[in-house]
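First, the structure itself, so that you have it in front of you.
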Amino acid sequence: MTTTTAARRGPGDEAGDNEGAGAGTTNTSGAATAAAGGSGGTAPTPRPRRRRRHHWRRRRKEYLLFLLMISPNLVIIGTFDYWPVIYNAWLSLTRWNMISGVPRYVGLENYQNLFTSSSFHGILLNTLTFSAAIVVGSVVLGLALALLFDQKLRGRGIVRTAAFAPHIVSGAAVATLWLFIFDPAYGLTRVVLDPFGIESPRWVNDADWALIALVIAYLWKGLGFVAIVYLAGLQNLPEELYEAARLDGAGTWTTFRRITLPLLSPVTFFVLVTSIIGTFQAYDMIAVLTDGGPGDATTTLSWYVYQQGFRASDAGSAAAAAMLLFVILLVVTGLQTRFVQRKVHYA
Amino acid sequence: MSAARLRRVLLYAGLVAVGLLFIGPLYWLFSSALKESGDIYQFPPRWLPGWHIENFAEAWRAAPFGDFFVNSLIVTAGGATIKLVNATLTAYAFVFLRFPYKNVIFLAMLGALMVPNNVTLIVNYITVSNLGWVNTYLGLIVPSAGSVFGMFLLRQYMLTLPGDVVEAARVDGAGHLRIMWQVVLPMCKPMLVTVGIIAVVDMWNDFIWPLIVTNTVEMRTLPIGLLYLRSTEGYSNWGAIMAGTVMVALPMLILFLVAQRQITRGLTGGAVKG
């Protein structure tokens, strides 16, 4: 996303300052005058000193109001978003059970333990597999859905609404629904697979299938959102290019590959980044569907943070895993910012 | 059959398949919630449900859904209101008030979007427990009551408002609070609705924080309550579990059907403008 760097309109600026000079109060502190002088009181007015003082008082009032208005939000964000980063970094260098005593400094031991533990390698691999499957699935299927919704078909509105709906339903509810769908004996998957003579796998109870089950349910929840994002991108593409391609005799596939895909690349990148961020913060669906299991089969980095912190009461290694996650996400978001900026210059 | 006709047939087939893929599970959810257990445990399944509301009563018996509803309502109403007020005040200040380096402050606040929730879990739990807020509404609400994305959306919207209206109000001698309340906010109504609804959805669906910060069944919110229901019912009673799922999902589905446009705009806003 891009941010406009400067607020375009400060209200009134100097305009409203020439009404009735600084009322009765006489405060001849040189500091006020000096400070006000800094902000360019150049206009030749009859009583510059009183005018500047008035100006400064107004400005001070405005500064105070500004602070009052932003401080509740600023305090909450500072306390619950920024302070955790700092303190978490410290905690990752300590050992602590989160219950009694105080964190004890152990240096990089937590990180060393993580990187040398083979179960943690498995967890990293789970995270990457999960993330990659969601990213690829979102981009490919999301774009396919968007292309379908872009056609003038009767009833597409209803399907689009139905596809988007799971996105705003609680992940815990979606996961519970899918838990029933995945029931090998009475679930919907048996209904779907039975006509083909395929026996339903034991999905969430089978270490080989649990991650696949998680990916399916997760994609089902998020796909409608990705499709809508792609659809908005498709509808913003310039019609003239397609006109020109048609005149040049380009086929549907060539047009798609040479025009649609490249022009959609900013959207694809957005989908990529938001999918990665989403999978790296997934809790609710894992909690309900698999609880990280069987074994460690669906334990991702984020689930590991929760497990270590709140079940194993090992604040240090939880904090170290969280730091690792944070750094990975920073790199990903950094890439997005760079890419988007390049795109903006290019466009 | 001509190529164009074949193409249309295929497209409609695709649309029907996609429709089934998304409507099917939702239908499965609602129909199962209304089925008698005899109808649930049979194969092939019966597609038409009865009207077996007993499942809801049973879910309600197995877990204190009344408490869950009250908690979710309090947390959602309180949290979303504070979020919206924070977003509005901050956005107004950044657009219409002067302050040295205010754009630097804005970017610093926006940077909070880059902090993933995993990093904040442990420390926020420590902070909240030092404040004595564990298992309280304050603990459930306050850590999520800041607004970054909503503030961003509102600020961008306020920057597009016609400046002369605000100007005119200032010349008439109106103070900032009056300008905000009587001039700016009425013009921001569509975006306020969007930001408010997104805040409601976020608070209602939030999972990991309520899970951590509450520790008695009576203080759980609906999504956590659903997890609890499943642990008490096991896999033995899908009818009741689906009824519980409906109770968690339905309010947001209704909200979505009512305010589809605002929700889609808010959630895809970052992408399309980006």
Side-chain angles (χ1 to χ4, degrees), chain A residues 1-2 4-12 16 62-63 65-66 69-70 72-73 76-77 80-81 84-85 87-88 148 151 153 156 159 162-163 165 168-173 176-177 180-181 186 188 191 228-229 232 270 281 283-284 288 302 305 309-310 315 318-319 322 325-326 329 333 340, chain B residues 11-12 14-15 18-19 22-23 25 28-29 40-41 45 86 89-90 93-99 103 109 112 114-124 143 145-147 159 163 166 170 176 201 205 207-208 212 223 226-227 238 245 248-249 252-253 256 263-264 268 270-274:
Chain A
M1 72 197 77
T2 50
T4 323
T5 19
R8 291 204 299 274
R9 276 185 316 280
E62 204 171 315
Y63 286 179
L65 186 63
F66 179 90
M69 287 175 93
I70 72 161
N73 207 11
I76 293 178
I77 290 170
F80 296 105
D81 282 308
V85 177
Y87 194 63
N88 192 79
L148 187 67
Q151 308 290 326
L153 300 172
R156 62 173 177 170
V159 177
I168 61 127
V169 171
S170 128
T176 309
L177 164 62
F180 183 25
I181 292 176
Y186 303 105
L188 203 51
V191 180
I228 298 289
V229 172
F270 172 84
Q281 304 191 45
Y283 286 105
D284 41 11
V288 173
S302 60
V305 172
F310 296 95
L325 209 145
F326 181 47
L329 284 184
T333 357
V340 167
Chain B
L11 281 175
Y12 270 108
L15 193 67
V18 172
F22 285 99
I23 297 170
W28 185 256
L29 165 66
I40 283 178
Y41 295 103
N86 268 331
L89 292 180
T90 325
F94 279 127
V95 175
F96 296 105
L97 293 176
R98 285 170 299 185
F99 197 81
N103 290 310
M109 286 176 83
M114 302 228 276
V115 179
N117 60 1
N118 327 63
V119 178
T120 64
L121 285 185
I122 299 164
V123 178
N124 282 352
S147 174
L159 285 173
V166 179
R170 270 201 81 71
H176 274 293
V201 174
N205 290 342
F207 183 83
I208 192 70
I212 290 172
L226 194 55
L227 193 67
W238 281 121
T245 310
V248 181
M252 291 303 107
L253 282 175
F256 173 60
I263 291 177
T264 336
T268 57
V272 184
K273 296 223 180 67

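Chain naming here is simple, since letters A, B, ... match the order of the sequence lines and numbering starts at 1 in each.
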Original post:
Checking B:V201 against chain A: side chain, backbone, both or neither under 4.5 Å from a heavy atom?
Top reply: side chain
Original post:
Between A:Y283, A:F326, A:Y87, which shows the greatest number of heavy-atom pairs under 4.5 Å with chain B?
Top reply: A:Y283
**OP:** Could you tell me whether a side-chain N or O of B:N118 sits under 3.5 Å from a main-chain N or O of A:A322, the two making a donor and an acceptor?
**Re:** no
Original post:
Okay, side chain of B:N205, backbone of A:G171: is any donor-acceptor separation there less than 3.5 Å?
Top reply: no
**OP:** Describe, in one word, how the ring planes of A:Y63 and B:F99 are oriented to each other, choosing from parallel (under 30°), tilted (30 to 60°) and perpendicular (over 60°).
**Re:** perpendicular
**OP:** Using non-hydrogen atoms and a 4.5 Å limit, figure out which bit of B:I263 sits close to chain A: side chain, backbone, both or neither.
**Re:** side chain
Original post:
Top residue by heavy-atom pair count (under 4.5 Å) with chain A, among B:V115, B:I23, B:I212?
Top reply: B:I212
**OP:** Check whether A:F66 gets within reach of chain B through its side chain, its backbone, both or neither, counting any heavy atom under 4.5 Å.
**Re:** both
Original post:
What residue, out of B:I40, B:I208, B:L29, has the most heavy-atom pairs lying under 4.5 Å from chain A?
Top reply: B:I208
Original post:
Between B:F207 and chain A, which part of the residue has a heavy atom less than 4.5 Å away: side chain, backbone, both or neither?
Top reply: side chain
Original post:
So which part of A:L177 gets closer than 4.5 Å to some heavy atom of chain B, the side chain, the backbone, both or neither?
Top reply: both
Original post:
Under a 4.5 Å heavy-atom cut-off, does chain A meet the side chain of B:L121, its backbone, both or neither?
Top reply: both
Original post:
What part of A:I77 is in contact with chain B, defined as an atom under 4.5 angstrom from a non-hydrogen atom: side chain, backbone, both or neither?
Top reply: side chain
**OP:** Considering non-hydrogen atoms only, spot the tightest contact between B:P25 and A:I181 and give its length.
**Re:** CB-CD1, 3.7 Å
Subject >> Exercise: identify the closest heavy-atom pair between B:T245 and A:A173 >> reply: CG2-O, 3.3 Å
**OP:** Please report the shortest heavy-atom distance between A:I76 and B:G146, naming the atom on each side.
**Re:** CG2-N, 3.4 Å
**OP:** Test B:Y12 against A:L153 for side-chain contact (heavy atoms from CB on, under 4.5 Å), laying out the working first.
**Re:** CA-CA 7 Å; B:Y12 270 108; A:L153 300 172; 3.7 Å; yes
Subject >> Heavy-atom contact with chain B under 4.5 Å, split by part of A:L329 >> reply: side chain
Original post:
To the nearest 0.5 Å, how far apart are CD1 in A:I228 and OG1 in B:T264?
Top reply: 6.5 Å
Original post:
Relative to chain B, which of A:D284, A:L188, A:V85 shows the most heavy atom pairs under 4.5 Å?
Top reply: A:L188
Original post:
Less than 4.5 Å apart, any side-chain heavy atom of B:V123 and any of A:F80?
Top reply: no
Original post:
Counting heavy-atom pairs under 4.5 Å to chain A, which of B:L15, B:T120, B:V18, B:L253 comes out on top?
Top reply: B:L15
Original post:
Which pair of heavy atoms, one from A:P72 and one from B:N86, lies closest together, and at what distance?
Top reply: CB-OD1, 3.4 Å
**OP:** Check whether A:I168 gets within reach of chain B through its side chain, its backbone, both or neither, counting any heavy atom under 4.5 Å.
**Re:** both
Subject >> Under 4.5 Å from any heavy atom of chain A - which part of B:L11 >> reply: both
Original post:
How far does CG of B:L89 sit from CG of A:L65, to the nearest 0.5 angstrom?
Top reply: 9.0 Å
Original post:
Which heavy atom of A:S170 sits nearest a heavy atom of B:V248, and at what distance?
Top reply: OG-CG1, 3.9 Å
Original post:
Going through the checks in order, is the side-chain contact (heavy atoms from CB on, under 4.5 Å) test met by A:V288 and B:L227?
Top reply: CA-CA 6 Å; A:V288 173; B:L227 193 67; 3.7 Å; yes
Subject >> Residue pair A:E62 / B:R98: nearest heavy atoms and the distance that separates them >> reply: OE2-N, 2.7 Å
Original post:
Relative to chain B, which segment of A:Q281 carries a heavy atom at a distance below 4.5 Å: side chain, backbone, both, or neither?
Top reply: both
